[in-house]
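See structure below.
Atoms within a ligand are numbered from 1 in the order they appear, just like the ligands themselves.
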Amino acid sequence: MFIATKVWPTHLKYDAVIKAAKRSLERLGVKYIDLYQIHFPNRRVPITETMRAMEYLVDNGLIRFIGLSNFSLEQIIEAQNALKKHEIVSIQMPYSLMDRRIENDIIPYAKKNGIAVIAYYPLGHGKLISRFPRDALEMISRNHGTKTAAQIVLNWIISKHEHVFPIPRASNPPNHVRENLGVAGWRLTDEEIRYLEGIRFS
Ligand SMILES: NC(=O)c1ccc[n+]([C@@H]2O[C@H](COP(=O)([O-])OP(=O)(O)OC[C@H]3O[C@@H](n4cnc5c(N)ncnc54)[C@H](OP(=O)(O)O)[C@@H]3O)[C@@H](O)[C@H]2O)c1
């Protein structure tokens with residue numbers, strides 16, 4: 001198990017971060033959290049204060065790694081510079097075939113600096129599945145064995161980038177969760193990637 005959770009932006013003062021982490025530990029019934037992420041930045045609290053608390057949590061074994069979510073590239077760099085001993089290991093942002101805004105800044109920066117990008121809304125809230133064209137489904141299934149639209153749009157992320165990891169929501173464990181696991185173990189070709197990028201989903 002690798003447990004990841006987030007601290008809400010109203011809890012980013014030094015004492016509040018530590019209190020929020022301890023309450024999460026109690027609620028989860030665990031001794032430490034693997035990845036503790038700042039859910040959104042809060043301009044009213046200096047990032048140096050928040051990061052001092054995050055380093056306290058790592059140094060005291062309450063969390064293992066520090067992550068961010070919904071930060072701009074500039075804010076990511078500020079957050080990293082505010083850390084004295086530890087490093088940012090991940091940044092969680094919306095990313096999918098329908099929303100490629102982070103491709104020119106955060107994704108290359110993260111690659112260069114060994115930061116994992118956690119892609120949320122990777123299925124475009126399910127729209128990428130309902131709008132997926134039949135001819136693309138058939139073409140990719142011919143080349144790779146039967147694949148579903150969900151598996152293809154998730155595979156587009158992991159085929160394109162080694163450091164970007166989609167987190168699809170699935171509240172239907174026996175079906176959607178199992179289906180989404182079928183994203184692993186195969187890769188789209190560059191040509192297929194380009195083909196998918198040419199489809200208008202919105
Ligand atoms: N960092 C942040 O600020 C932030 C903000 C919001 C959300 N998130 C994260 O983003 C993730 C997803 O958000 P989202 O639900 O809006 O978008 P999404 O993952 O793009 O889409 C989820 C939708 O797709 C459906 N689905 C999943 N697998 C499917 C499959 N194989 N076939 C057909 N439909 C499938 C789900 O249905 P079922 O539920 O019926 O399986 C659900 O309706 C969550 O993990 C959440 O924690 C992060």
Q.
With nothing but distance in play, are any N or O atoms of A150 less than 3.5 Å from an N or O of ligand 1?
A. no

Q) Taking distance alone, with no angle check, do L123 and ligand 1 share an N/O pair under 3.5 Å? A) yes

Q. Which protein non-hydrogen atom lies closest to atom 37 (O) of ligand 1, naming both residue and atom, and how far is it?
A. H176 ND1, 3.7 Å

Q.
Among all the protein's heavy atoms, is there at least one whose distance to atom 47 (O) of ligand 1 comes out below 4.0 Å?
A. no

Q: May I ask you to say whether R101 pairs ionically with D99, meaning some side-chain N is under 4.0 Å from a carboxylate O?
A: yes

(Q) Please report whether the ring centroid of W156 lies less than 6.0 Å from that of Y195. (A) no

Q. With no hydrogens and no angle check, is any side-chain donor or acceptor of Q37 less than 3.5 Å from a backbone partner on T5?
A. yes

Q. Who's the nearest protein heavy-atom neighbour of atom 3 (O) of ligand 1, and how far?
A. N70 ND2, 2.8 Å

Q: Starting from atom 39 (O) of ligand 1, find the nearest protein heavy-atom neighbour and note its residue, name and distance.
A: S171 OG, 2.5 Å

Q) Same hydrophobic cluster for V117 and F65, using side-chain heavy-atom links shorter than 4.5 Å among ILVMFWY? A) no

**Q.** P168 neighbourhood, listing ligand 1 atoms whose heavy-atom distance to it stays under 4.0 Å
**A.** 19 (O)

Q. Identify the closest protein heavy atom to atom 10 (O) of ligand 1: which residue and atom is it, and at what distance?
A. Y120 CB, 3.1 Å

(Q) Whether the side chain of S90 engages the backbone of G67 through a donor-acceptor N/O pair (distance < 3.5 Å, no angle test) should be reported. (A) no

**Q.** Verdict with supporting geometry, H86 and D59, side-chain hydrogen bond (donor to acceptor under 3.5 Å, both in side chains)
**A.** CA-CA 9 Å; H86 302 292; D59 290 341; 2.8 Å; yes

Q) For ligand 1, which atoms sit closer than 4.0 Å to a heavy atom of G126? A) 21 (O), 23 (C), 24 (O)

Q. Looking at side-chain heavy atoms only, is the closest gap between T189 and N143 below 4.5 Å?
A. no

Q) Which atoms of ligand 1 are found less than 4.0 Å from any heavy atom of A170? A) 39 (O), 41 (O)

**Q.** Within-shell test, K6 vs ligand 1, heavy atom, strictly < 4.0 Å
**A.** yes

Q: Have a look at Y36 and tell me which of L57, I3, I66, V58 forms a side-chain contact (heavy atoms from CB on, under 4.5 Å) with it.
A: L57

**Q.** Proximity of P122 to ligand 1 by residue part, where a heavy atom lies under 4.0 Å
**A.** both

(Q) Give me the nearest non-hydrogen protein atom to atom 11 (C) of ligand 1 as residue plus atom name, then the distance to 0.1 Å. (A) I167 O, 3.4 Å

Q: Considering heavy atoms of the protein only, find what lies nearest to atom 31 (N) of ligand 1 and give residue, atom and distance to 0.1 Å.
A: N180 OD1, 2.8 Å

**Q.** Part of N172 within contact of ligand 1 (heavy atoms, under 4.0 Å)
**A.** both

Q. Hey, quick one: are I76 and V164 part of the same hydrophobic cluster, counting side-chain heavy atoms closer than 4.5 Å, chains of contacts allowed?
A. yes

Q) Of all the non-hydrogen atoms in the protein, which one sits nearest to atom 13 (O) of ligand 1, and at what distance? A) Y121 CD2, 3.3 Å

**Q.** cation_pi(R52, Y14) dist<6.0 Å, angle<=45
**A.** yes

**Q.** Heavy-atom check, side chain of F40 versus side chain of W8, under 4.5 Å
**A.** yes

Q: Show which atoms of ligand 1 fall inside a sub-4.0 Å distance from at least one heavy-atom site of S69.
A: 1 (N), 2 (C), 3 (O)

**Q.** Side chain, backbone, both or neither: R169 near ligand 1, heavy atoms under 4.0 Å
**A.** both

Q: Could you tell me the residue and atom name of the protein heavy atom closest to atom 16 (O) of ligand 1, and the distance to it rounded to 0.1 Å?
A: H125 ND1, 2.7 Å

Q: State the atoms of ligand 1, each with its element, that fall below the 4.0 Å cut-off from a heavy-atom position in I129.
A: 29 (C), 30 (C), 32 (N), 33 (C), 34 (N), 35 (C)

Q) Which class fits the ring pair H125 and Y121: parallel under 30°, tilted 30 to 60°, perpendicular over 60°? A) tilted

